[in-house]
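As structure tokens, the structure follows; a few thoughts come after it.
The chain is numbered in sequence order, starting from 1.
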Amino acid sequence: MQLRYTFRVYPNGPQRAALARAFGCARVVFNDALRTRKDAHEQGLPYPKAGNLSKQVITEAKKTRARAWLGEVSAVVLQQSLRDLDTAYTNFFASLKGTRKGPKIAEPRFKSRKDSRQSIRFTRNARWKITPGGDLSLPKIGAVRVKWSRVLPSAPSTVTVIKDAAGRYFASFVVETEPETLPAVEPVVGIDLGLGHFAVLSDGTKISSPRFLRRAEKKLKREQRGLSRKAKGSKNREKARVKVARAHAQAADARREFHHQLSTQIIRDNQAVAVEDLAVNGLARTRLAKSVHDAGWASFVAMLEYKAALYGRVFIRIGRFEPTSQVCSACGVKDGPKPLHVRVWQCRTCGVVLDRDINAAVNVALAAGLAVSACRAQVGPGLRLPAQREEAGTHRDGQQTVAGIPVL
């Protein structure tokens with residue numbers, strides 16, 4: 001399987017200038033090719049083929065005075081920019097036809113030098129290499145210093161140099177690696193993701209939500225106010241923009257590190273992991289949007305999925321409409337929906353007192369077919385109550401009830 005390893009790089013002054021030229025040339029080639037395709041579409045002509053497009057916007061453009069500076073960067077960077085455009089159009093047409101899963105994709109747009117993220121990609125035929133001293137040697141850029149945090153498992157096939165909104169540079173390598181099967185273990189776990197606690201496991205473990213964005217709000221507000229006071233187009237405004245971007249990057253990096261550490265620990269300690277397929281896009285349109293984005297459930301679940309495949313574990317998603325919070329994990333009876341402020345409830349059939357979050361995590365595991373003990377969701381034995389015979393209905397005043405309990 002293919003994995004991506006990203007490392008921080010520290011180019012010097014001339015290397016930053018060379019990278020800026022490479023970013024600009026790749027952007028211009030992308031925009032020229034996009035304009036050529038748009039013009040062909042407006043005139044009712046077929047889209048130019050990749051070979052003709054490369055000849056027109058790269059080979060012939062280099063011979064003109066207006067585009068002679070394209071020869072100052074590696075030709076591989078320019079070719080990869082055209083390939084990115086082809087991929088964007090392929091995904092766009094597949095989205096229109098409905099053959100591509102996920103949300104609809106818009107038509108490719110023109111790139112700007114003010115975009116928050118700039119990137120170029122080198123393939124093997126660009127003759128880039130990692131020097132014996134540990135530097136990354138790039139054509140027409142030089143040997144860039146890299147901060148290696150771990151060893152690459154195999155020789156990388158491509159490297160992408162990225163500049164983010166905070167002005168930081170990264171080198172992203174794509175490598176082929178074989179799955180590393182971990183020794184089999186007995187525990188299996190279901191995970192209930194939430195906002196009060198980031199994750200609640202079916203074994204009773206509750207992991208607090210770090211709320212990185214909420215903790216950084218004070219600093220972000222201060223930096224944002226400073227940005228709003230700067231004149232547009234001034235150098236001071238650009239400095240203030242970088243400060244805001246760095247504050248956001250610190251929160252994002254801390255969240256990513258938390259997700260990596262937690263997902264690795266869960267995968268190593270459990271043979272099978274089950275999670276609920278949450279409707280993150282729908283929740284992000286509610287008043288809880290900031291907290292939902294701060295939690296980063298989608299990226300955490302994606303880490304669990306690829307790490308399970310890498311280490312030989314079982315990963316299962318259950319449907320989002322599974323009533324995990326309404327079913328008693330002890331007896332399996334559906335006790336109806338409950339308001340969010342009810343964190344502990346008693347099953348009216350078997351009388352077991354249940355923790356709402358742990359009960360949901362156990363039900364996630366049971367719905368996935370994992371053999372977990374339902375007693376982990378039990379808070380106390382409670383009272384043995386007879387089963388309620390009332391059916392779901394509505395009072396005369398219009399208040400809805402489920403099994404005789406008012407729903408708030």
Side-chain angles (χ1 to χ4, degrees), residues 185-209 262 266 269-279 283 286 288 291 295 297 301 304 314 316-408:
V185 293
E186 289 295 330
V188 294
V189 69
I191 304 176
D192 178 62
L193 299 174
L195 296 178
H197 289 87
F198 176 77
V200 178
L201 309 186
S202 57
D203 61 2
T205 303
K206 292 188 176 182
I207 300 161
S208 300
S209 180
L262 179 59
I266 292 175
D269 294 345
N270 298 277
Q271 185 64 29
V273 178
V275 297
E276 187 177 4
D277 186 17
L278 297 173
L283 292 171
T286 66
L288 301 175
S291 297
W297 294 327
V301 172
L304 284 175
V314 178
I316 305 172
R317 289 177 188 258
I318 69 168
R320 64 185 61 173
F321 299 108
E322 195 75 26
T324 56
S325 297
Q326 304 177 25
V327 176
C328 173
S329 57
C331 63
V333 173
K334 186 177 180 180
D335 204 15
K338 299 160 189 64
L340 288 177
H341 71 271
V342 177
R343 309 316 301 175
V344 177
W345 58 281
Q346 185 176 23
C347 177
R348 290 186 172 270
T349 301
C350 63
V352 174
V353 180
L354 302 164
D355 181 282
R356 181 191 184 109
D357 297 327
I358 301 178
N359 176 72
V362 172
N363 284 329
V364 168
L366 295 175
L370 304 182
V372 297
S373 176
C375 66
R376 294 171 180 172
Q378 186 173 338
V379 174
L383 300 175
R384 287 291 177 179
L385 301 178
Q388 299 295 314
R389 298 184 179 274
E390 291 87 354
E391 296 181 356
T394 305
H395 286 293
R396 284 177 296 179
D397 59 0
Q399 185 179 25
Q400 185 180 2
T401 63
V402 177
I405 305 175
V407 178
L408 302 180

Pairs in or reaching into residues 358-370: which pass side-chain hydrogen bond (donor to acceptor under 3.5 Å, both in side chains), with residues at least two apart or in two chains?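 For residues 358-370, and leaving out neighbouring residues, the side-chain hydrogen bond (donor to acceptor under 3.5 Å, both in side chains) pairs sorted by first residue read Ser329-Asn359.
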Suppose we screen for side chain to side chain donor-acceptor pair (under 3.5 Å). Which residues come up paired with [X], at least two apart in sequence or across chains?
{"X": "Asn270", "answer": "none"}
{"X": "Ser325", "answer": "none"}
{"X": "Gln326", "answer": "none"}
{"X": "Lys206", "answer": "Asp355"}

Side-chain heavy atoms of [X] within contact of [Y], under 4.5 Å:
{"X": "Thr205", "Y": "Val189", "value": "no"}
{"X": "Leu288", "Y": "Leu283", "value": "no"}
{"X": "Val353", "Y": "Val344", "value": "yes"}
{"X": "Asp357", "Y": "Arg343", "value": "yes"}
{"X": "Val333", "Y": "Cys350", "value": "no"}
{"X": "Ile207", "Y": "His197", "value": "no"}

Does the Glu276 side chain pair with the main chain of Ile318, one donor and one acceptor, at a distance under 3.5 Å?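 Here the side-chain-to-backbone pair does not exist.
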Measure from the side-chain N and O atoms of Gln346 to the backbone N and O of Gly351, and report whether any donor-acceptor pair falls under 3.5 Å.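 Judged by distance alone, yes, a pair lies under 3.5 Å.
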Nearest 0.5 Å, what's the [atom1]-[atom2] distance between [X] and [Y]?
{"X": "His341", "Y": "Arg356", "atom1": "NE2", "atom2": "CZ", "value": "9.5 Å"}
{"X": "Phe198", "Y": "Ile191", "atom1": "CZ", "atom2": "CD1", "value": "9.0 Å"}
{"X": "Phe321", "Y": "Asp277", "atom1": "CZ", "atom2": "CG", "value": "9.5 Å"}
{"X": "Cys347", "Y": "Leu354", "atom1": "SG", "atom2": "CG", "value": "6.5 Å"}
{"X": "Ile316", "Y": "Leu370", "atom1": "CD1", "atom2": "CG", "value": "4.5 Å"}

What is the minimum heavy-atom distance between [X] and [Y], and which atoms define it?
{"X": "Val352", "Y": "Ala330", "result": "CG2-CB, 4.2 Å"}
{"X": "Ile358", "Y": "Gly204", "result": "CD1-CA, 3.9 Å"}
{"X": "Thr349", "Y": "Cys331", "result": "CB-SG, 4.2 Å"}

Among residues at least two apart in sequence or on other chains, which ones pass salt bridge (Lys or Arg N to Asp or Glu O under 4.0 Å) with Asp269?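 None.
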